[in-house]
Amino acid sequence: MTQPQITVGILSGKEIEFSFPVKFSSSVGTEISGTQKVIYQDGKILWQGKEYDELSFIPPQNAHAFFELKDVTIGINFHWERKEVQKFKGELKIIIEGEQLTAINVISIEEYLTSVISSEMSATASLELLKAHAVISRSWLLNKLRVENGEWRVTVQPDSAAHSPLSTLHSQFIKWYDHEAHRNFDVCADDHCQRYQGITRASTPQAIEAVSATRGEVLMYKGAICDARFSKCCGGAFEEFQNCWENVKHPYLIRQRDSKTEKQLPDLTIEAEADKWIRTSPVAFCNTQDKKILSQVLNNYDQETADFYRWKISYSQQELSELIHQRSGIDFGQIIDLIPVERGTSGRLVRLKIVGTLRTLIIGKELEIRRTLSTSHLYSSAFVVDKEYEEKGHKEDKIPSRFILTGAGWGHGVGLCQIGAAVMGEQGYKYEEILSHYYPGSTLEKQYQ
């Protein structure tokens, strides 16, 4: 089996600007260099005064050739969202999607991974951490593709949100978000798939080494490629797949403590145990404040925050009621309470009851909860709630004046915990040991040479 090529959707818009520092060949038979602009016009791509249905620009046979795209947004809907010029190797394709244009990068999977590892992880990360990440990124991607007539084909599941149980029966709104199906390319370039920035940030020698040392290697479980999920910080305990996405249990994504020394994990689906766990700071690989280790996993823009293992956020009554109204589109009136209904194996809330003066609703799953309680994404849904009251008297009669959320971890907590894996790498664990810790029961196999 040969190494597959993949298509990555980089950005969309009515106009796209790009440039070629060296000559590229266009699909219309011309050689082109310098700054270019394409414009969406009446269902066509307008370029150099002519209209097209699709355009592609192929690089010369030169290892160093690249193109640049202007105004690429990174960190879409995250607290550090910003625009920048980005550089990419491989082919540039411009297609029409709806009433705008989309720029797609066609690239070999191993080159894609070198960039993903450099984008997801910092240059200072240990080689073993980078190797582990190369394997899970490759596994995640190849899990989304399947072999058909010896070629790789995309089989991204349709967006689960579209057919998830959106039941408002019994006043419940349960929704989950998986990697949305992209109809015209394999993956997108942002965190919703995997963060891919081409060669904008120099691929580090260690990222290049990590990808080539693990070339073609994926995680397998009983003959199938693993759906190797990962998040920034599990908060000390692994979450199970079915608590975040569709109701499917993967035996290699199971509850476990993020530690080799402390094996005992309380049953965090029980409220009292979750409360105690989240309010304390139990021993775990990811329980670290070490800037050297955190900087391995977090690019500079992620380091604007440092409390990942345990964190606190506070909302006034007005802030919270306005936020929930704005984020959910539902007017709850004043918020009286946020009540945990169901927790997963890491203490993350799967269902939360919002009680307002105008209405009450149970929401879920974890990402829906995080989106509802923050202007972008709350760090995680593993949190407990304290309420403050301004007036003296019976709490039962009063509306809280403030809500304080005390939380654990960052992200969904399923699969590899990046901060925990960074600590393991620093402590001398090999990448195979890191992978078997976070994906118990899985094995490593080479898919292509």
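Values below: every heavy atom of this structure, side chains too, minus hydrogens, waters and symmetry copies.
Inter-residue side-chain proximity for Ile109 and Leu142 is flagged as met; some heavy-atom pair is nearer than 4.5 Å. At a threshold of 4.5 Å between non-hydrogen side-chain atoms, the residues Tyr196 and Ile10 count as touching. The closest side-chain heavy-atom distance from Cys286 to Phe308 is not below 4.5 Å. Side-chain contact between Ser442 and Leu435: absent, with no pair of heavy atoms (C-beta onward) separated by less than 4.5 Å. Using a 4.5 Å cut-off on side-chain heavy atoms (C-beta onward), Glu84 and Gln86 make contact. For the pair Glu433 and Glu128, the minimum side-chain heavy-atom distance is 4.5 Å or more. Side chains of Leu113 and Thr214 form no contact here, defined as non-hydrogen atoms less than 4.5 Å apart. Residues Leu320 and Leu338 have side chains in contact (heavy-atom distance under 4.5 Å, counting atoms from C-beta outward).
Below 30°, between 30° and 60°, or above 60°: for Trp311 and Tyr379 the angle between ring planes is above 60°, a perpendicular geometry. Using the six-membered ring where Trp is involved, Tyr221 and Tyr252 have ring planes that are tilted, between 30° and 60° apart. Using the six-membered ring where Trp is involved, Phe241 and His250 have ring planes that are perpendicular, over 60° apart on the 30 and 60° scheme.
At least one donor-acceptor pair closer than 3.5 Å links the side chain of Ser295 to the backbone N or O of Lys292. Under a 3.5 Å cut-off, the side chain of Arg327 and the backbone N or O of Leu373 do not form any donor-acceptor pair. Listed for the Thr200 side chain is a donor-acceptor partner under 3.5 Å among the backbone atoms of Lys87. No donor-acceptor pair closer than 3.5 Å links the side chain of Arg359 to the backbone N or O of Asp331. Checked by atom type and distance alone, the side chain of Lys14 pairs as donor or acceptor with a backbone atom of Glu99 at under 3.5 Å. Under the 3.5 Å distance criterion, the side-chain polar atoms of Arg255 are matched with a main-chain donor or acceptor of Leu265. With hydrogens and angles ignored, the 3.5 Å screen pairs a side-chain donor or acceptor of Asp186 with a backbone N or O of Thr7.
There is no side-chain donor-acceptor pair under 3.5 Å between Glu322 and Gln326. A donor-acceptor pair shorter than 3.5 Å can be found between the side chains of Asp258 and His437. Inspection of the Glu262 and Gln264 side chains reveals no N or O donor paired with an N or O acceptor under 3.5 Å. Checked by atom type, the side-chain pair Glu110/Tyr448 shows a donor-acceptor distance below 3.5 Å. With no hydrogens or angles considered, a side-chain donor-acceptor pair links Glu239 and Thr345 at under 3.5 Å. Donor-acceptor pairing under 3.5 Å is recorded for the side chains of Ser346 and Arg348. Between the side chains of Glu91 and Gln5, not a single donor N or O lies within less than 3.5 Å of an accepting N or O.
Ion pair Glu368/Arg371 not flagged as a salt bridge, since none of the NZ, NE, NH1 or NH2 atoms sits closer than 4.0 Å to an Asp/Glu carboxylate oxygen. Taking 4.0 Å as the cut-off between side-chain N and carboxylate O, Asp337 and Lys387 count as a salt-bridged pair. Between Glu217 and Arg138 there is no salt bridge, since no side-chain N of the basic residue sits under 4.0 Å from a carboxylate O of the acidic one.
The distance from atom CD1 of Ile369 to atom CG of Leu349, rounded to the nearest 0.5 Å, is 5.0 Å. The CD1 atom of Ile330 sits 10.0 Å away from atom CD1 of Ile324, with the distance rounded to the nearest 0.5 Å. Put simply, OG on Ser401 and CD on Gln318 are 12.5 Å apart, with the number rounded to the nearest 0.5 Å. How far CD of Gln418 is from CD1 of Ile293: 14.0 Å, rounded to the nearest 0.5 Å. Rounding to the nearest 0.5 Å places CG of Asp386 at 7.0 Å from NZ of Lys312. If you take OG on Ser12 and CD1 on Ile96, they are separated by 12.0 Å, rounding to the nearest 0.5 Å.
When each of Trp140, Phe230, Tyr431 is paired with His133, the ring pair (Phe, Tyr, Trp, His ring centres under 6.0 Å) condition holds for Phe230 and for no other.
The nearest pair of heavy atoms linking Ala228 to Leu219 is CB-CD1, 4.4 Å. For the pair Val350 and Gly344, the tightest heavy-atom approach, listed with the atom from each and the gap, is CG2-N, 3.6 Å. Between Cys234 and Cys417, the shortest heavy-atom distance links the atoms N-SG, 3.2 Å. Minimum heavy-atom separation, Leu268 to Ala237: CD1-CB, 3.9 Å. Between Ser321 and Gln334, the shortest heavy-atom contact is CB-CA, 4.3 Å.
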| task | Go through the steps for Tyr438 and Phe285 under the test ring pair (Phe, Tyr, Trp, His ring centres under 6.0 Å), then give the verdict. | result | CA-CA 11 Å; Tyr438 289 109; Phe285 284 123; 7.4 Å; no
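Remark: Lys430 NZ is loosely packed, at most 12 non-hydrogen atoms of other residues, nucleotides or ligands lying under 6.0 Å away. With a 6.0 Å radius and a threshold of 12 heavy atoms from other residues, nucleotides or ligands, Gln100 has its CD atom above the threshold. The number of heavy atoms from other shown groups lying within 6.0 Å of NZ (Lys276) does not exceed 12.
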